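Notes follow the structure.
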Amino acid sequence: DPELPESDRLQGINEQEAGIESAVIYEFLPRRTLTVQYNWSRTLQYSSATGFTRSKDAFNRGSLALVGLLGRTGSILRYQHSVLVIPVLEFASPGLGSDIDYLRATLGIKVSRRMSRRSGLAFRTSIGRLWPRGMSANQEDPTVENRFDRERFYLGGSSDLRGWTSGLAGPKVVRPSVSGADTTFVYEAVGGLAKLAMDVELRLPFPGLGASWGTALFVGGGQLSDGPLFEGGFRFGAGGGIRYATPVGMVALDLAWKIN
């Protein structure tokens with residue numbers, strides 16, 4: 001877990017987990033599905049040794065999620081019209097065999113529009129909210145906070161807000177990282193209980209190359225919050241990239257910068 005300090009175990013491993021994942025998928029129309037997922041795992045989180053003992057937290061994760069996949073899709077490089085809507089409702093509770101308790105709702109929307117034979121415009125946005133409940137309501141408790149590292153929302157990274165290091169476009173703290181006699185300082189992403197992110201991309205042909213090649217210019221923004229959205233500042237990034245269509249999907253190479 002990158003949000004936990006390294007332990008004194010081999011390679012600084014601070015978390016071990018084993019579990020099961022199951023899903024039932026119903027396709028009610030072509031490329032339109034409804035999925036019910038149940039995940040359960042046993043997790044051990046370690047901290048450094050104190051005296052002759054190691055501190056560890058053992059707990060269960062159990063969650064049930066409903067995932068929709070709605071809309072229609074087309075070829076990205078051929079700039080065909082497409083609309084994709086992905087709603088997700090997930091909850092975890094003791095009744096599902098979980099030691100953490102929450103309700104989380106997210107909505108993702110992706111839209112692409114053809115502007116000409118070789119150009120197009122794409123837009124994507126996602127919004128989400130996490131509600132810790134019951135025994136997990138006190139997010140100031142260090143044990144609860146550590147257990148929620150993967151449940152909270154994060155902002156930044158190549159598949160999110162480009163131009164920012166993964167997870168570090170939102171709130172973060174500085175903590176020491178000790179390795180032998182060396183001490184360095186690293187950023188730890190705090191995450192948030194609410195997230196709003198959006199991205200606009202202009203897709204263009206690659207001059208002089210074939211139809212499998214393309215270029216892109218993009219700008220994106222987003223925000224994390226533990227309260228209502230729009231109360232804090234947005235973070236922005238922009239850049240450009242190259243696209244190449246392969247038989248198994250799109251290959252992208254982007255270069256992006258932080259705007260603020």
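We use all heavy atoms of the structure for the numbers below, so side chains are in, but hydrogens, waters and symmetry mates are not. These figures come from a predicted structure and were not determined experimentally.
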Once you round to the nearest 0.5 Å, how far does CG of Leu70 lie from CZ of Arg32? 8.0 Å

Can you confirm whether Asp101 sits close enough to Pro94 that some side-chain heavy atom of one is under 4.5 Å from a side-chain heavy atom of the other? yes

Report whether Leu255 and Leu161 are members of the same hydrophobic cluster (ILVMFWY, side-chain heavy atoms less than 4.5 Å apart, transitive linking). no

Looking only at heavy atoms, the pair that brings Arg235 and Ala169 closest together is CG-O, 3.2 Å

Student check: side-chain heavy atoms of Phe123 and Arg113 closer than 4.5 Å: no

Quick one, Arg124 and Ile109 - any side-chain contact, counting heavy atoms below 4.5 Å? no

Atom pair CD1/CD of Ile127 and Gln223 - distance to nearest 0.5 Å: 10.0 Å

Name the residue from Glu15, Gln16, Glu17 that meets the side-chain contact (heavy atoms from CB on, under 4.5 Å) definition with Leu44. Gln16

Hey, can you tell me if Trp213 and Tyr244 have their rings parallel, tilted or perpendicular (30° and 60° cut-offs)? tilted

Do you reckon Leu64 sits in the same ILVMFWY cluster as Phe148, going by side-chain contacts under 4.5 Å, direct or chained? no

Can you confirm whether Ile100 sits close enough to Arg61 that some side-chain heavy atom of one is under 4.5 Å from a side-chain heavy atom of the other? yes

Same cluster or not: are Leu130 and Phe91 linked, directly or through other Ile, Leu, Val, Met, Phe, Trp or Tyr residues, by side-chain heavy atoms under 4.5 angstrom apart? no

Atom pairs and distances, donor-acceptor, side-chain atoms in residues 192-200, under 3.5 Å, two or more places apart:
from   : atom 1 : to     : atom 2 : distance (Å)
Lys195 : NZ     : Tyr154 : O      : 2.8
Lys195 : NZ     : Asp160 : OD1    : 3.1
Lys195 : NZ     : Asp160 : OD2    : 3.2
Asp199 : OD1    : Arg162 : NH2    : 3.0
Asp199 : OD2    : Arg162 : NH2    : 3.0

Would you indicate whether the side-chain heavy atoms of Tyr187 and Val174 approach each other to under 4.5 Å? yes

Would you check if Asp226 and Arg152 make a side-chain contact, meaning some heavy-atom pair closer than 4.5 Å? yes

Closest approach of Arg129 to Gly227 (non-hydrogen atoms, all atoms of both residues): NH1-O, 2.9 Å

Euclidean distance, Leu34 CG relative to Tyr26 OH, rounded to 0.5 Å: 9.5 Å

Student check: side-chain heavy atoms of Asp254 and Phe218 closer than 4.5 Å: yes

Residues forming a side-chain contact (heavy atoms from CB on, under 4.5 Å) with Ala18, sequence neighbours excluded: none

Would you say Phe234 and Ile259 are hydrophobically clustered, going by side-chain heavy atoms of ILVMFWY under 4.5 Å? yes

Leu66: which residues meet the side-chain contact (heavy atoms from CB on, under 4.5 Å) condition with it, sequence neighbours left out? Val36

Looking at CG of Leu107 and CG of Leu89, how far apart are the two atoms once the value is rounded to the nearest 0.5 Å? 11.5 Å

Value for OG (Ser112) from CG (Leu121), rounded to nearest 0.5 Å, stands at 9.0 Å

Begin from the C-alpha positions of Val144 and Asn138 and carry the test side chain to side chain contact (heavy atoms under 4.5 Å, CB included) through to its verdict. CA-CA 7 Å; Val144 173; Asn138 182 13; 5.5 Å; no

Which atom names give the shortest non-hydrogen contact between Ala105 and Phe153, and what distance separates them? O-CZ, 4.4 Å

Heavy-atom check, side chain of Leu224 versus side chain of Pro171, under 4.5 Å: yes

Nearest-0.5 Å distance, CG of residue Leu155 to OG of residue Ser225: 12.0 Å

Reference residue Thr35; test side-chain contact (heavy atoms from CB on, under 4.5 Å); the match among Val24, Leu69, Ile25: Ile25

Should Val219 and Val111 be regarded as members of a common hydrophobic cluster, given that ILVMFWY residues are connected when their side-chain heavy atoms come within less than 4.5 Å of each other, either directly or indirectly? yes

Tightest non-hydrogen contact, residues Arg42 and Ala58, listed as NH2-CB, 3.5 Å

